[in-house]
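Single-structure report; data block below.
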Protein chains: 2
Amino acid sequence: MPRRSDARERMVRSAAELLREHGASATSIDLVLAHSGAPRGSVYHHFPGGRTQLIEEAVALSGDFIADLIDAAEPLAVIDKFFALWRRWLVDSDFRAGCPIVSVTVANETPRLAADAFGRWTDGLAASFAEHGVPAARARRLATFVIAAVEGAVVMCRAERSLAPLEAAAGEINELLTHTLRK
Amino acid sequence: MPRRSDARERMVRSAAELLREHGASATSIDLVLAHSGAPRGSVYHHFPGGRTQLIEEAVALSGDFIADLIDAAEPLAVIDKFFALWRRWLVDSDFRAGCPIVSVTVANETPRLAADAFGRWTDGLAASFAEHGVPAARARRLATFVIAAVEGAVVMCRAERSLAPLEAAAGEINELLTHTLRK
DNA sequence: GTCTATACGAAGATAGAC
DNA sequence: GTCTATCTTCGTATAGAC
């Protein structure tokens with residue numbers, strides 16, 4: 001028995017995982033409880049805002065996690081880590097899990113927080129490109145493009161149950177960046 | 001009053017539209033009925049397979065629609081039509097509607113038909129690239145990459161309520177293709 | 001912080017009348 | 001082809017005891 005309950009944190013983490021695997025509308029309180037093992041009785045104690053608050057916190061957590069991953073110096077190293085993360089999530093879930101931010105966006109839930117996450121990722125990647133000789137405007141366009149390509153590739157990987165689309169994106173993007181970044 | 005009922009077709013079209021705007025899990029029979037104006041009483045007459053069959057037909061219809069659009073000769077013309085379609089769908093829906101195939105994929109509904117749709121789009125685009133001097137293997141990788149980038153950009157556009165991500169993808173892709181295709 | 005009980009609506013699906 | 005129940009399950013949310 002934990003010294004103090006960690007049910008709240010487990011619920012947020014479960015919600016984030018369920019968003020990735022089942023989509024936003026299917027991520028119900030019941031499913032989160034079953035997945036996290038948290039007790040029903042304290043849901044509205046921990047989340048007075050109900051399901052909405054729970055989803056919002058899961059989106060914020062997921063956005064932060066990837067934003068932190070992107071905040072590194074070397075652009076090509078950042079890209080590598082980015083692709084490695086998606087490769088792992090896809091394979092570990094047998095191609096059932098994708099991006100939680102995409103899940104809430106296509107369900108038109110928490111659009112504000114989704115835009116926030118995409119914005120921070122873009123900022124981080126663009127800064128990394130800019131530090132390596134790419135003009136600011138192009139750096140931002142390139143960062144947006146890279147994130148879009150990866151997100152789209154992840155969706156295609158899930159449908160096709162194969163890493164091929166992600167590897168296609170990795171190949172094309174590496175080639176593009178090799179020619180664009182100042183060495 | 002129509003000579004024979006067109007309720008069935010209206011339901012499939014409504015389902016496709018609702019998939020784009022509300023996601024797969026939220027596209028309920030009730031919502032389709034309200035949107036299409038079709039009568040409740042004949043749902044299981046037209047769709048003995050219930051909601052599953054209705055969603056499947058909507059996915060197939062949407063997949064066909066875009067596959068037909070892609071089956072054109074000139075690669076750059078195809079890309080232009082592809083981007084124009086998404087631009088229009090995003091703006092006309094005030095950034096609330098995206099790709100129905102993405103919707104069913106992130107909800108893990110009808111994965112077979114989703115893979116089918118992506119596959120046909122990829123085939124069409126790759127064939128177009130190959131006819132213009134791109135080696136077969138690269139043509140396929142490039143086609144996958146382009147579709148992934150567009151799909152990801154559409155999701156980002158919805159979150160940010162802006163066409164910027166789609167225009168970033170359009171710019172980068174046009175540049176890439178200009179250098180890759182045989183003139 | 002956690003429990004049980006409960007209210008209420010929406011969902012998918014079926015049965016039988018017309 | 002369309003109608004009106006009706007069944008069952010699941011969803012969010014609240015109330016009050018412990």
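Quick note: numbers below take in every heavy atom, side chains included, and nothing from hydrogens, waters or symmetry partners. Quick note on labels: first sequence line is chain A, next is B, and so on, each numbered from 1.
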Query raised in the report: Between A:Arg96 and A:His22, is there a donor-acceptor pair closer than 3.5 Å when you use the side chain of the first and the backbone of the second?
Result: no

Query raised in the report: NE2 of B:His22 versus P of C:dA11: gap in Å, rounded?
Result: 12 Å

Query - Comparing A:Ala38 and B:Gly49 on DNA chain C - which has the more 5′ nearest nucleotide - result: A:Ala38

Query raised in the report: Would you say the side-chain atoms of B:Arg158 pair up with the backbone N or O of A:Val106, donor to acceptor, closer than 3.5 Å?
Result: yes

Report task. State yes or no: are the ring centers of A:Phe145 and B:Phe145 separated by less than 6.0 Å? Result -> yes

Query raised in the report: What nucleic acid atoms does B:Ser28 come within less than 4.0 Å of, heavy atoms only: base, sugar-phosphate, or nothing?
Result: sugar-phosphate

**Report entry** Backbone of A:Gly124 reached by a side-chain donor or acceptor of A:Ser128 within 3.5 Å
**Finding:** no

**Report entry** Gap between atoms CG and P, on B:Leu33 and D:dT4 respectively (whole Å)
**Finding:** 13 Å

Query - Between D:dG11 (P) and A:Leu54 (CG): distance, integer Å - result: 14 Å

Query - Minimum-distance nucleotide to B:Ile29 side chain [options: C:dG12, D:dT12, C:dA11] - result: C:dG12

Requested in this report: Assert yes or no for the condition that the ring centre distance of A:Phe83 to A:Trp86 is strictly below 6.0 Å.
Outcome: no

Requested in this report: Would you mind telling me which residue lines up with the more 5' stretch of DNA chain D, A:Gly41 or A:Ala26, judged by nearest nucleotide?
Outcome: A:Ala26

Query raised in the report: Atom CE of B:Met11 to atom P of D:dT2: distance rounded to whole Å?
Result: 11 Å

Query raised in the report: Please give, in whole Å, the distance from C:dG1 P to A:Glu9 CD?
Result: 13 Å

Report task. Measure from OH on A:Tyr44 to C1' on D:dT12 and round the result to the nearest Å. Result -> 5 Å

Query raised in the report: Could you give the CZ-to-P distance, from A:Arg40 to D:dT14, as a whole number of Å?
Result: 15 Å

Query raised in the report: Can you tell me how far C1' of D:dC10 sits from CZ of A:Arg51, to the nearest Å?
Result: 13 Å

Query raised in the report: Of the nucleotides D:dT12, C:dG1, D:dG1, which one has an atom closest to the side chain of B:His46?
Result: D:dG1

Query raised in the report: When you measure from the side chain of A:Ser42, which nucleotide among D:dT2, C:dA11, C:dT2 comes out closest?
Result: C:dT2

